[in-house]
A.B. asks: 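Got a structure here, written out as structure tokens. Questions coming.
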Amino acid sequence: MNKKKTLFGLDSKSYEHDFDKTALKTLKALPGFDKVVNFFLNWTYIKWHIVELQGSNFLVTRESCPELYDLVHDVADTLDVRPLPRFYTQWGYNINGYTTGYKEDTILVLNSGTIDLLSEDELRYVAGHECGHIKSGHVIYHTMGELFNSAISQIPVVSSFTTPIYYALMYWIRMSEFTADRAGLLACQDIDAAISGIIKMSGLPIKYFENMNKDAFIKQATEFKQSFSGFTDKAIKTLTIAGSSHPWTVLRAAELLTWYESGEYQDILNANTSSECSACHMQIPAGVKKCPYCGNEV
Ligand SMILES: [Zn+2]
Ligand SMILES: [Zn+2]
């Protein structure tokens, strides 16, 4: 396993995207939003959804699949995510994952294709992206979005009453991806792995994985951003109209590269100093006198 720098005490506010923060503020300020949140939270469907997940997917534990368990929990440790989410895999060969659950009980689900088709650092990027949603408290609203999507066609009262909330929620869910991508980069600590992970998600056929041209994709992302005059609301609005399952990969790559190049990513890595314990080789917070894992005097 490639050891990463553990970001002890990492505060999600230090990297949350402005578009995410603004859209969430707008969403929460909409009349009736609290009622809708409570409606979904009290709705037994949310519990059924979790039961369904538990009954259908593969629970990854140290016993059932130790290598994968250790890798994903190492990602959660790197980002200082507490408590650790329960982790499931589900069958599917698009590179994808999601988080669900409520309150402290969070669940991270990765498609089996995500694990088979990505390198270790690319997988850290995707698992880190999902842990980023958990760390920023996005999970409850994402779960609401999923339930909304399944309820809106079935319950006309829900759809007419909540249409503005629905659209504001879907818009924010997209904005929250920018924040989660930054968490993914902080987890894998390798911009090349983050970009190659996004390239695979965006549709590069498997037989070309070996000859991937990252520069060409970066050029596509840069040109996309320029064509929307410096990444204004126009790009966001155009893509918000697109179907909610659209992955937005090029736009996400462009936005992640901008953040990386701004130096903020490196500042966060530099601010969270840690060192390696000479006895157990775990990453420990800088300045501690005793290793919290093995008790070794540092
Ligand atoms: Zn996401
Ligand atoms: Zn130690």
Side-chain angles (χ1 to χ4, degrees), residues 3 5-6 8 12 15-17 19-21 23-24 27 72 74-77 79 81 85 87-88 90 92 94-101 106-111 113-114 118 122-146 148-149 169-188 194 197-198 200-202 236 239-240 242-256 259 274-298:
K3 271 316 264 181
K5 186 176 176 182
T6 305
F8 291 105
S12 63
Y15 60 84
E16 280 165 356
H17 196 290
F19 289 164
D20 161 18
K21 287 190 263 191
L24 190 57
L27 175 66
V72 169
D74 194 53
V75 167
D77 281 342
L79 294 175
V81 169
F87 171 36
Y88 289 87
Q90 70 180 17
N94 53 338
I95 297 169
N96 207 356
Y98 67 94
T99 43
T100 190
T106 52
I107 296 171
L108 188 160
V109 186
L110 293 178
N111 272 2
T114 306
L118 297 181
E122 290 164 353
L123 181 54
R124 281 178 186 273
Y125 168 73
V126 174
H129 172 109
E130 295 308 329
C131 284
H133 284 310
I134 294 170
K135 198 171 168 73
S136 283
H138 293 165
V139 175
I140 182 61
Y141 305 121
H142 277 236
T143 305
M144 220 170 93
E146 283 164 46
F148 228 132
N149 273 329
L169 176 64
M170 291 300 131
Y171 177 78
W172 168 75
I173 285 176
R174 298 218 149 181
M175 299 305 104
S176 75
E177 295 301 292
F178 296 140
T179 291
D181 283 338
R182 292 177 178 185
L185 178 58
L186 288 165
C188 76
I198 293 176
K200 289 181 181 178
M201 267 184 253
S202 74
I236 301 286
L239 283 157
T240 305
S244 60
S245 60
H246 196 284
W248 276 37
T249 46
V250 176
L251 179 58
R252 282 170 51 191
E255 199 46 33
L256 187 62
W259 184 64
S274 59
S275 56
E276 192 183 287
C277 169
S278 56
C280 70
H281 303 291
M282 293 293 282
Q283 289 281 311
I284 54 174
V288 295
K289 302 225 166 351
K290 210 172 193 182
C291 170
Y293 300 101
C294 71
N296 179 45
E297 303 281 343
V298 181

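First listed ligand is number 1; within each ligand, the first listed atom is number 1. Since the model is a prediction, treat every value here as computed from it, not as a measurement.
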A.B. asks: Under a 3.5 Å distance rule, please check whether T179 uses its side chain to pair with a backbone N or O of H17 as donor and acceptor.
C.D. replies: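 Yes, T179 side chain to H17 backbone: donor-acceptor pair under 3.5 Å.
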A.B. asks: Would you find a donor on one side and an acceptor on the other, under 3.5 Å apart, between the side chain of T249 and the backbone of I198?
C.D. replies: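 Not a single qualifying donor-acceptor pair exists.
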A.B. asks: Sort by chain and number the protein N/O/S atoms found under 2.8 Å from the Zn ion (ligand 1).
C.D. replies: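 Protein N, O or S atoms closer than 2.8 Å to the Zn ion (ligand 1): H129 NE2, H133 NE2, E177 OE1, E177 OE2.
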A.B. asks: Which protein N, O or S atoms sit under 2.8 Å from the Zn ion (ligand 2)?
C.D. replies: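 Those protein N, O or S atoms (cut-off: under 2.8 Å from the Zn ion (ligand 2)) are C277 SG, C280 SG, C291 SG, C294 SG.
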A.B. asks: Under a 4.0 Å threshold between the charged nitrogen and the carboxylate oxygen, would E297 count as salt-bridged to K289?
C.D. replies: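 Salt bridge absent between K289 and E297.
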A.B. asks: Sequence neighbours left out, what passes ring-ring contact (aromatic ring centres under 6.0 Å, His included) with H129? Give chain and number order.
C.D. replies: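 Here the qualifying residues are H133.
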A.B. asks: Can a side-chain donor-acceptor contact be found between T99 and H142 if the only test is distance below 3.5 angstrom?
C.D. replies: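 Distance-only check fails for H142 and T99.
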A.B. asks: Does atom NZ of K3 have more than 12 heavy-atom neighbours from other groups under 6.0 Å away?
C.D. replies: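 Above 12, so yes.
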A.B. asks: Checking side-chain contact (heavy atoms from CB on, under 4.5 Å) for the pair V126/L118: CA distance, chi angles, key distance, verdict?
C.D. replies: CA-CA 9 Å; V126 174; L118 297 181; 3.5 Å; yes
A.B. asks: According to ring-ring contact (aromatic ring centres under 6.0 Å, His included), who are the partners of Y15, at least two apart in sequence or on a separate chain?
C.D. replies: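 Counting only residues at least two positions away or on another chain, Y15 forms no ring-ring contact (aromatic ring centres under 6.0 Å, His included).
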A.B. asks: Counting only N and O atoms by type, is there a donor-acceptor contact under 3.5 Å from the side chain of N96 to the main-chain atoms of N111?
C.D. replies: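 It does not hold such a pair.
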